[in-house]
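Below you'll find the structure, written out as structure tokens, and then a few comments.
Numbers restart at 1 for each chain; the letters A, B, ... are given by sequence-line order, proteins then strands.
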Amino acid sequence: MAVAPDVPSSSLPETPAARRARAFWQGLKELTRNPFGAVGLVIVVLFFLSALFAPYLTPYDPYALDVPSRLARPSFEHLLGTDQLGRDTFTRVLYGGRIAMQLALVAVTAALVIGLVLGMIAGYGPRWLDSILILVFDTLRSFPTIIMGLAIVAVTQPSLTVIMVIFVLHAAPAFGRIARTQTMALKNTEFILAEKSLGARTPLVLTRHMMPNVLGPLLILAAMDVPVVVTVEAGLSFLGLGIQPPTASWGGILKEGYSVLRETPWLVIAGGMPLVLTTLGFTFLGEALRDSFDPKLREAR
Amino acid sequence: MTPTMTDVLDIRKLSVEYATARGAVHALRDVSLCVPRKKTVGIVGESGCGKSTLIASILHLMSRNARVPAGQILFNGIDTLTLGEDALRDLRGNKVSMVFQDPMTAQNPVIPIARQMVDIQYRERLSTEEKRKRAVAMLRRVGIPDPESRIDGYPHEFSGGMRQRISIAMALLVRPDLLIADEPTTALDVNMEAQIIFLLRELQQEFGTSLLFASHNLGLIAELCDDVVVMYAGEVVERGSVRDIFHEPQHPYTQRLLECDPALVKDGRRTLPTIPGRVPDLRVIPEACIFEARCHKAFSVCRERHPAPVEISDTQSVRCHLASGLTGAPVRRAEPRPQGGGLRRKHAGEPLLAVENLRVRYRTEGFLKALASGNRDPFLDGVKQVSLMLRRGETLGLVGESGSGKTSLGRAIIGLTPCHSGSIRFDGTELVGLPDAEYNLQRRKMAMMFQDPIASLSPRRTARSLVMEPFEIHGIKLEDEDAEAERLFAMVGLSTAFFNRYPHELSGGQARRVGAARALALSPELIIADEPTAGLDTSVQGEILNLMGELQREHGLSYLVISHNLPAIRHISDRIGVMYLGRLVEEGPVAEIFENPAHPYTRALIEGTPHPDPDRRRTLLSIEGEVPSLKDRPRGCEFHPRCPIAEPMCSREAPQARDIAPAHAAACHFPLNREHLKQRA
């Protein structure tokens, strides 16, 4: 071979796995350099840990009634006091977090996947299909979430699944819109044409070459959507259309606290604080993620 | 030091650093240059050599992480580095103005040209009416037709070449002392480039403005400049008058750069000189001469000491130990030029690809919309009745301005664009109308190399998986994937260390090699290369062209090369096809076409290529105007509105292609230099 091999500066080739690991830690470092990102990350980690290990973090049963000590003030025995049936509020907040986590994981993932698939079909497929999907997206977006929720719950029984469906209907169009725009921008890029010129079939082009490039912004949106789903649940539960008692949920605790607000503020505080915290946590994290992913917002490095 | 008032710009020992997460990049070191009043100074060098940083530093337009540890930038005797933001604003767009590389993004897309041109005269005490008049006059001066009405248009209503003219008009409207042009023609076609260069040359003389012109195109520097500054890796390695640099280059880098230019190598040999290696990482600056690692004339002293600039005449200075007579023991270095082997085959094989009367149409309006507006023919012909033939082992070069249908033709052959009518026979199989499954079988035997080396690679895949992907797509099981990957990488001159690189971690040349390896994976017979040298430095262009030639010899490949880089295409092609408005207007053997073009358009393209020789400056523009819109094809011969030798007949009757000489055909009523034919016609 007359052409001299071009040797890169670093002699040891890294495996793709090692590179991804390095990229992950570098990204994490970048993220925590931003104070909001660091705070957001801490809150989000605490949220997941407390939900996962709820049974080990409290000696109480969230459903055990103890009517004599009802509406107790916070003490060492009951960190956040008790509700009108004497159940330990702190325990119920922890268990409510489990509901919130399920919603966050399942509903947001479902919305992301559905939005991604439909959005990519709209962006890549024929024009008429695009028009139909966009019409569906816009129609769904035009309903206020709670009103849509009320309508759905009116014809079904309130349950966790119904809340998830409501959220997916509300959030998937937003994911779809972004996925569609990204797909359309990628459709005529040279690397996609290059794949086609090799004879690659559409499913391969879409899954392997388009999807990784479409996914980034969607993940950021997903992080910012977690507080939305938690508040949707809380809102519906507050209206009595969400999680049904005696299951503990943050919205449920708020609703119960509201009815005894004249006697004690603690239930409302206990139900509201985690909502505020997770909202802030995920929003901070989402924004920090966006900043560190978007090269235009990043200072020159 | 007293400021010399003869120099508009005098940069003294300037250094610029960029702070990055991985250490400071010493982008400019000890750079000195001056721009005398009413003169044109060219800056030349490969990409990454600091041309753009230098230009940005003059007006403090550097990115925020830049620092200037030393030096002075004297503009009319005032050091701009000491000026505050207000004083700088007073210089920008007033005493100094700029023309940027990309005309498509240099103007605000949502404001009409008139408003933008009136606004930049905000310092003048004139009424809006008068400002507008001045703007119209300037647009007329730069060659915008019908400026009174077109001035109210938006930037997107103008072509790239027109927009660059508008940029120049805006820059000159404020009567600057210094005009800075950063690669102003890189995004344009040969003809447009020639027009812009002529315009700059004329206007510079007319307005007496000094011009600082950065380019990697040596031909343009030779055409336009009085003095030349050669930059390498953030240093000025040589400066002198344009004749010093082009006729007696002293620095080995300058010499190599000139040798590399495909326009200088005229003979038919296929191996082009290159500069091995590449611009070093500027985080750690060695004690040695910065060019030592790539220098073919290096001596031991070059490794030990950094050379200082040496004045070798009144006009020329060079930063090289050789000039001061310091040598020491020569460093043995293999001669980088691969020797021999560049012979052209005498005969080509049987036909591999035969295109007959091919037509590619694009829809301009949707079906319903066209019906509603009564448009009976909502189509454009991207490729119109093209016939050509490519034999095994042969290279056919397709040239023409943008919009001539070269790329459409290439894409139609490989099935990326549907054909409307005609026939494409490839290796005995008719491709037009072939069902997808069978088309895919044929597709294994052809591959395409795309224009942008990096953007044509899927950004989240590693080089290895990209190169191996063709096997996967066509369901070919390999016994030993690693061995195959290694073989393909070695074939294009890449080591296995590149396996896990992502496209953005590759240089343009390396990415081009990965693209080539990918194209070669299935051992194709035909490779369609769309602008294989676009966006690459001259030195790297040679490398890629050499590689293509070598692969052709080893594997008997046939190439269809699409390019508007005529010097490059001249080196690798056996035959040339010239396209205009979707038609093939001339076709013939490469030597015939270049030495004896028959079609005036071909001659114009050839003459439009600048020569890297300051004594051979063009005095006449070979061709005026730009490619007409496909929507509005001229009647008769489609080239007649731009043709310098058009006669009344040309506007009435479309010429048919006819043989001018053996294997040389042209579609022209009055082919050039062929008196006997002309008389018969």
Side-chain angles (χ1 to χ4, degrees), chain A residues 1-20 22-23 26 29-30 33 126-128 131 182 185-216 292 295-296 298-301, chain B residues 18-22 63-65 276 278 281 334 336 338 341 366 411 414-416 439-440 443-444 447-448 450-452 455-462 465 469-470 472-474 489-503 505 509-510 513 515 518 522 528 543 546-547 550:
Chain A
M1 201 83 250
V3 183
D6 220 337
V7 182
S9 45
S10 64
S11 51
L12 272 178
E14 264 178 312
T15 63
R19 298 179 52 120
R20 271 197 288 273
R22 192 169 57 103
Q26 208 159 4
K29 217 170 107 187
E30 182 84 16
R33 201 175 292 162
R127 280 276 292 279
W128 59 268
S131 309
Q182 291 274 328
L186 286 170
K187 196 156 89 171
N188 289 318
T189 51
E190 281 212 333
F191 74 90
I192 294 297
L193 284 177
E195 293 300 329
K196 287 197 207 159
S197 80
L198 287 173
R201 288 179 184 79
T202 308
L204 183 93
V205 172
L206 284 177
T207 53
R208 182 182 288 179
H209 299 287
M210 291 260 201
M211 209 165 75
N213 297 296
V214 172
L215 207 54
S292 59
K296 271 175 267 166
R298 196 161 45 187
E299 291 281 304
R301 298 204 283 167
Chain B
Y18 290 111
T20 69
R22 296 197 287 160
S63 62
R64 243 193 274 174
N65 58 340
R278 80 185 108 100
D281 185 344
R411 289 188 177 170
I414 203 159
L416 285 175
Y439 208 124
N440 260 349
R443 226 195 297 247
R444 288 185 198 180
M448 186 148 181
F450 285 83
Q451 229 179 77
D452 186 326
S456 56
L457 300 174
S458 189
R460 305 213 176 198
R461 311 291 301 174
T462 60
S465 72
E469 200 181 12
E472 210 181 318
I473 288 173
H474 289 276
F489 271 68
M491 215 150 119
V492 295
L494 291 176
S495 73
T496 53
F498 283 95
F499 272 12
N500 295 318
R501 293 272 189 113
Y502 288 92
E505 298 167 321
Q510 291 162 353
R513 284 165 190 269
R518 212 168 172 223
L522 300 176
I528 300 172
E543 257 178 58
N546 289 346
L547 176 72
E550 207 172 292

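- Heavy-atom distances place the backbone of B:Leu457, and not its side chain, under 4.5 Å from chain A.
- Of the atoms belonging to A:Ser197, heavy atoms from both backbone and side chain fall under 4.5 Å from chain B.
- In terms of heavy-atom pairs under 4.5 angstrom with chain A, the leader among B:Arg444, B:Arg461, B:Glu505 is B:Arg461.
- B:Glu472 and A:Arg208 are joined by a salt bridge, as a carboxylate oxygen and a charged side-chain nitrogen come within less than 4.0 angstrom of each other.
- Contact annotation: the side chain of A:Met210 approaches that of A:Ile192 to within less than 4.5 Å [non-hydrogen atoms, C-beta and beyond].
- Comparing B:Pro459, B:Pro503, B:Ser465 by how many heavy-atom pairs each has under 4.5 Å with chain A, the most go to B:Pro459.
- Side-chain N or O atoms of B:Asn65 include one that pairs as donor or acceptor with a backbone N or O of B:Ala19 at under 3.5 Å.
- A:Leu204 touches chain B through its side chain: at least one heavy atom from C-beta onward sits under 4.5 Å away, while N, CA, C and O do not.
- Of the two parts of B:Asp452, the backbone and the side chain both hold a non-hydrogen atom closer than 4.5 Å to a non-hydrogen atom of chain A.
- Partners of B:Arg411 according to the salt bridge (Lys or Arg N to Asp or Glu O under 4.0 Å) rule, which considers only residues two or more places apart in sequence or in another chain, do not exist here.
- Side chains of A:His209 and B:Glu469: a donor on one and an acceptor on the other come within 3.5 Å.
- Legend: residues meeting ring pair (Phe, Tyr, Trp, His ring centres under 6.0 Å) with B:Phe489, ordered by chain and number and at least two apart, are B:Phe499.
- Both the backbone and the side chain of B:Gln451 have a heavy atom closer than 4.5 Å to some heavy atom of chain A.
- For the set B:Asn440, B:Ile414, B:Leu416, the count of heavy-atom pairs under 4.5 angstrom toward chain A peaks at B:Leu416.
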